[in-house]
Amino acid sequence: MTASRQSTIALEARFAHELPELAVRWQAAEPPEPRLLLLNAPLAAELGLDPDELRSEEGVGLLVGTAVPEGATPVAMAYAGHQFGAYSPLLGDGRALLLGELVDAEGRLRDLHLKGSGRTPFARGGDGLAAVGPMLREHVVSEAMHALGIPTTRSLAVVATGRFVRREEWLPGALLARVASSHLRVGTFQLARATGDIELLRRLADHAIARHAPEAAEHERPALALLEAVVAAQAALVARWMLVGFVHGVMNTDNMTISGETIDYGPCAFMEGVDPATVFSSIDERGRYAYGNQPVIAQWNLARLAEGLLPLIADDQEHAVGLATSAIEGFGARYRAAWVDGMRAKLGLRHVDDAAQVAALADELFTMLGATRADLTTAFRVLGAAARGDHAAPQRLLGAAPGFDAWAERWLALGPDADAMDRVNPVYIARNHLVEEALAAATAGDLAPVERLLEAVRRPFDERPGLERYAEAGPEQDFRAYTTYCGT
Ligand code: AMP
Ligand code: MG
């Protein structure tokens, strides 16, 4: 590699150096014909990177991992994980690489990571590659989540590789450059614990504490404080998912972060009509990761993290189990508080202090939404209209639900703030039929629909003329039949 091809961006190698047992040095495959499809300029700016530099040949070289800065140490990260409840002792980045960490414009450490960069020693039977459609899906849905204020990994860029990848059919290949506050997962701790090397486990916990819970270092039991911090972050995260109808689809323990960011947009989708049994993933045959199960699954995953941390929590095993169990049991109350708080905002009731009153209204509303299968996103916008005195639209949408009139009367008597509601209830989400339509066009070479969809979801609360179709629910029959595929 010549100096002229190298990027001027400084990448650290903290994970690679501090946790070499969990990292395999590796190089990205050379794409035959790399072509930048989407660059996230606002994110580049946040990272202190020059978008024009990233668009140059050297920049694209960085984004596909073939021209990394001097001193960078790209690695495939090792981890274990429970997939659909079954334990896999070794997973790891089969088609991904951590290029390194960079310090963003605010001084925070962020991972720069590639997905679709070729086979690694963890690839097992996989080809190490990714297709344009799923990488654009991750770009669009993670941008939509970010704009909704939901913690998430981000997409810096999607680059077409010029190589075709074989799925059910041959598809154009692409690579995603992903930014995250780290790629530490529950599965990373499961693997470290399974090695039996307590010193490695401690080093991993220290690394995680430094990055995600620095206050835990001062605690008399840092590993317990780390666990509590992750429980809190995940409870808050999953509550946010539930409030917007996000279904992750593959909440395996290797897809749950320590940072509390949403990661791994595979078979994810937004629920439209409210139904706790909503599943989109073609491989989730038993509905383990259905919409309504997500909080319980998150808690189950956190219990796996707790098991991993046990030897660090207390020397006496029984004592450690007791402390870890209380931390995990705390998930339910934290989740509920975060959800009720989110509903308080969505109902325009920030001025109402009585949490029990808000909770009752929120629970009853969800029952009515389930009974009518009303579109979740539309429902909160029309309630905003009701708070302004327009009762026709909410009547049309929810009037058939038993008890709606009495509910609305109680709620309106509290004086909901319509403007505040419109600031937290999105008009535009990444609706399944819109995502599908945009990805199909992009796969056929037309990026315009993806760009228009991004424009809508990047300002989700700001209703704009000309974007009406982005606010509408998809046809009911399509929603029922909507399936997303893993093996992306
Ligand atoms: P995911 O379901 O995307 O979280 O992936 C689960 C595991 O399978 C991870 O270890 C991935 O690195 C690996 N994997 C997924 N797709 C591929 C692929 N096409 N080639 C190699 N490994 C893959
Ligand atoms: Mg994964």
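Every number for a ligand or one of its atoms is a count from 1 in the order of the listing. Quick note: residue numbers are just sequence positions, from 1.
Shown here are the protein N/O/S atoms lying under 2.8 Å from the Mg ion (ligand 2), water excluded: Asn255 OD1, Asp264 OD2.
Counting heavy atoms from C-beta outward, Arg110 and Leu43 have side chains that approach closer than 4.5 Å. Looking at Glu143 and Ser155, their side chains never come closer than 4.5 Å, going by heavy atoms from C-beta outward.
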Begin from the C-alpha positions of Thr153 and Glu138 and carry the test side chain to side chain contact (heavy atoms under 4.5 Å, CB included) through to its verdict. CA-CA 10 Å; Thr153 64; Glu138 176 151 348; 4.2 Å; yes
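Residue Arg124 holds the heavy atom nearest to atom 7 (C) of ligand 1 of all those in Lys115, Arg124, Arg119. With Gly94, Gly92, Pro267 as candidates, the residue nearest to atom 10 (O) of ligand 1 on a non-hydrogen basis is Gly92.
Ligand-side atoms of ligand 1 in range of Tyr79: 9 (C), 10 (O), range being under 4.0 angstrom from any heavy atom. For ligand 1, the atoms closer than 4.0 angstrom to any heavy atom of Asn255 are 4 (O). Taking a cut-off of under 4.0 Å to the non-hydrogen atoms of Gly128, the atoms of ligand 1 that pass are 18 (C), 19 (N), 20 (N), 21 (C). The atoms of ligand 1 that sit less than 4.0 Å from any heavy atom of Ala123 are 21 (C), 22 (N). Taking a cut-off of under 4.0 Å to the non-hydrogen atoms of Asp93, the atoms of ligand 1 that pass are 12 (O). Below 4.0 Å from some heavy atom of Arg167 lie the following atoms of ligand 1, by number and element: 19 (N).
The aromatic rings of His248 and Phe246 sit perpendicular, their planes meeting at an angle over 60°, well past the 30° parallel limit. Taking the six-membered ring where the residue is Trp, Phe366 and Trp339 present perpendicular rings, their angle passing 60° and hence far from 30°.
A donor-acceptor distance shorter than 3.5 angstrom exists from the side chain of Ser56 to the backbone of Gly59, with no hydrogens or angles considered. Although no hydrogens or angles enter the test, the distance criterion places no donor-acceptor pair under 3.5 Å between the side chain of Glu18 and the main chain of Arg203. At least one donor-acceptor pair closer than 3.5 Å links the side chain of Asp284 to the backbone N or O of Tyr289. With Gln299 contributing its side chain and Ile328 its backbone, the two residues share a donor-acceptor pair below 3.5 Å. At distances below 3.5 Å, at least one donor-acceptor pair connects side-chain atoms of Arg95 with backbone N or O atoms of Leu129.
Proximity of Asp264 to ligand 1, defined as any heavy-atom pair under 4.0 Å, is confined to the side chain (atoms from C-beta onward). By the criterion of a heavy-atom distance under 4.0 Å, the backbone of Leu129, and not its side chain, is placed next to ligand 1.
Ligand 1 has a nitrogen or oxygen under 3.5 angstrom from a nitrogen or oxygen of Asp127.
Here side-chain hydrogen bond (donor to acceptor under 3.5 Å, both in side chains) pairs that include residues 224-238, with residues two or more places apart or in two chains, number zero.
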